[in-house]
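All remarks here apply to the structure that follows.
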Amino acid sequence: TGAISSLQRQMEIQESELRRIRAEKELLQKQLRERAVQLQALSDKFCSLTEEQRQEEIVVMMKEENCNLHQIVTEQESQLAEQSKLINELQGTINQLRAEVVNTRLHLLEQKQVQKELQSQVDALQHKALQTRVVLEHITNKFERYRNKIIQATFCVDGSQDPLGELTDNELLEAMQKIITERTHYHHMLKTKGSK
């Protein structure tokens with residue numbers, strides 16, 4: 001946004017300069033027209049003089065006026081050429097600044113689109129993380145219930161002692177393995193004695 005504002009200010013300055021130069025050009029053209037009117041007035045004046053006076057004054061005045069007008073025309077043509085060149089340069093600069101403004105706006109739009117896509121991805125990941133936490137909590141609760149049932153089943157057997165403190169998973173496995181081994185041995189003994 002700062003870059004766009006800077007470019008727009010530069011463009012406004014260039015356009016203001018362009019308007020000023022065009023105004024100067026119009027003024028020079030107006031002065032040329034006024035000189036043409038003056039020449040026409042001189043020409044009309046000469047027409048009212050006698051032939052001899054006319055010829056003498058015409059020669060003197062025309063020389064002076066021609067010299068002055070030639071110098072003025074040369075200067076004004078030079079100024080017009082410089083101003084035309086400057087107008088073209090300013091117009092080129094303005095076009096370049098406009099192109100930069102357009103490119104900057106396009107870049108901002110692209111950044112906004114990327115930001116929107118990233119935000120969408122973040123929202124999706126947050127939703128997925130929330131779902132995962134819910135599933136994990138459900139699985140954890142289920143596991144704890146299952147573990148408690150195993151502990152209850154393991155230590156409710158006749159002859160077993162209640163655990164002292166919280167059991168580790170290894171201690172629980174060892175207790176289960178002991179019960180399984182004892183029951184397997186007992187089952188084997190019954191089988192060898194022929195008992196159903």
Side-chain angles (χ1 to χ4, degrees), residues 1-140:
T1 305
I4 288 175
S5 298
S6 176
L7 289 171
Q8 286 176 336
R9 279 198 299 274
Q10 290 179 27
M11 195 164 64
E12 287 170 3
I13 291 168
Q14 296 290 343
E15 287 175 343
S16 175
E17 184 69 14
L18 186 61
R19 286 194 296 272
R20 185 185 66 78
I21 290 171
R22 283 180 175 156
E24 288 180 3
K25 183 178 177 182
E26 289 174 5
L27 181 61
L28 287 171
Q29 288 172 339
K30 182 181 177 185
Q31 289 174 355
L32 281 174
R33 288 192 295 271
E34 288 174 355
R35 290 293 178 183
V37 170
Q38 289 175 2
L39 281 175
Q40 185 62 43
L42 285 172
S43 177
D44 294 342
K45 182 181 176 184
F46 293 145
C47 290
S48 65
L49 297 173
T50 62
E51 190 65 32
E52 190 177 337
Q53 289 173 328
R54 189 184 306 163
Q55 287 178 357
E56 288 176 3
E57 288 193 21
I58 284 175
V59 171
V60 174
M61 292 181 71
M62 286 298 284
K63 282 182 180 178
E64 290 178 1
E65 194 64 29
N66 279 342
C67 184
N68 290 337
L69 285 174
H70 182 68
Q71 186 178 355
I72 290 169
V73 168
T74 303
E75 289 174 359
Q76 290 183 344
E77 284 178 347
S78 175
Q79 288 180 5
L80 282 173
E82 287 178 5
Q83 288 177 349
S84 295
K85 181 181 176 184
L86 188 55
I87 285 170
N88 290 334
E89 289 175 358
L90 287 172
Q91 194 62 53
T93 304
I94 287 169
N95 291 338
Q96 183 181 352
L97 288 171
R98 282 178 178 158
E100 288 179 14
V101 168
V102 170
N103 288 335
T104 305
R105 283 179 176 161
L106 285 174
H107 184 62
L108 283 173
L109 285 173
E110 288 173 1
Q111 284 184 334
K112 284 182 181 177
Q113 183 62 30
V114 169
Q115 187 177 1
K116 188 177 178 183
E117 290 173 2
L118 287 174
Q119 188 60 47
S120 176
Q121 291 176 6
V122 167
D123 292 342
L125 286 172
Q126 286 176 341
H127 182 66
K128 199 166 186 178
L130 181 62
Q131 288 180 326
T132 305
R133 277 199 300 272
V134 170
V135 170
L136 181 62
E137 189 176 342
H138 178 70
I139 290 171
T140 303

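Separating the CG atom in Leu97 from the CD atom in Glu12 is a distance of 11.0 Å, to the nearest 0.5 Å. Here the CD1 atom belonging to Ile21 is positioned 5.0 Å from the CG atom belonging to Leu90, to the nearest 0.5 angstrom. Between Met11 atom CE and Asn95 atom CG the span is 10.0 Å, to the nearest 0.5 Å. How far CD1 of Ile87 is from CD of Gln83: 6.5 Å, rounded to the nearest 0.5 Å. Atom NZ of Lys63 and atom SG of Cys67 lie 11.0 Å apart (nearest 0.5 Å). If you take CD1 on Ile72 and CG on Leu28, they are separated by 11.0 Å, rounding to the nearest 0.5 Å.
Using a distance-only test at 3.5 Å, with no hydrogens or angles considered, no donor-acceptor pair links the side chain of Ser78 to the main chain of Thr74.
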For residues 30-42, please give each side-chain donor-acceptor pair under 3.5 Å, one per line with the distance, not counting sequence neighbours.
{"from": "Gln31", "atom 1": "OE1", "to": "Gln76", "atom 2": "NE2", "distance (Å)": "3.0"}
{"from": "Arg35", "atom 1": "NH1", "to": "Gln38", "atom 2": "OE1", "distance (Å)": "3.0"}
{"from": "Gln40", "atom 1": "NE2", "to": "Asp44", "atom 2": "OD1", "distance (Å)": "3.3"}

List, one per line, each side-chain donor-acceptor pair under 3.5 Å for residues 120-136, sequence neighbours excluded.
{"from": "Asp123", "atom 1": "OD1", "to": "Gln119", "atom 2": "NE2", "distance (Å)": "3.1"}
{"from": "His127", "atom 1": "NE2", "to": "Gln131", "atom 2": "NE2", "distance (Å)": "3.2"}
{"from": "Thr132", "atom 1": "OG1", "to": "Lys128", "atom 2": "O", "distance (Å)": "2.7"}

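Between Arg20 and Glu24 there is a salt bridge, since a side-chain N of the basic residue sits under 4.0 Å from a carboxylate O of the acidic one.
Of all heavy-atom pairs spanning Leu18 and Gln91, the tightest one is CD2-OE1, 3.4 Å.
Under a cut-off of 6.0 angstrom, the local environment of CD in Gln111 is crowded, with over 12 non-hydrogen atoms contributed by other residues, nucleotides or ligands.
Residue pairs satisfying the salt bridge (Lys or Arg N to Asp or Glu O under 4.0 Å) criterion with at least one member in residues 69-94, sequence neighbours excluded, are absent. Listed by first and then second residue, the salt bridge (Lys or Arg N to Asp or Glu O under 4.0 Å) pairs that reach into residues 104-113 come to none, sequence neighbours excluded.
The side-chain hydrogen bond (donor to acceptor under 3.5 Å, both in side chains) search around Glu15 returns Arg98, not counting sequence neighbours. Residues satisfying the side-chain hydrogen bond (donor to acceptor under 3.5 Å, both in side chains) test with Gln14, not counting sequence neighbours, are none.
A 4.5 Å side-chain heavy-atom check between Gln10 and Ser6 finds at least one atom pair inside the cut-off.
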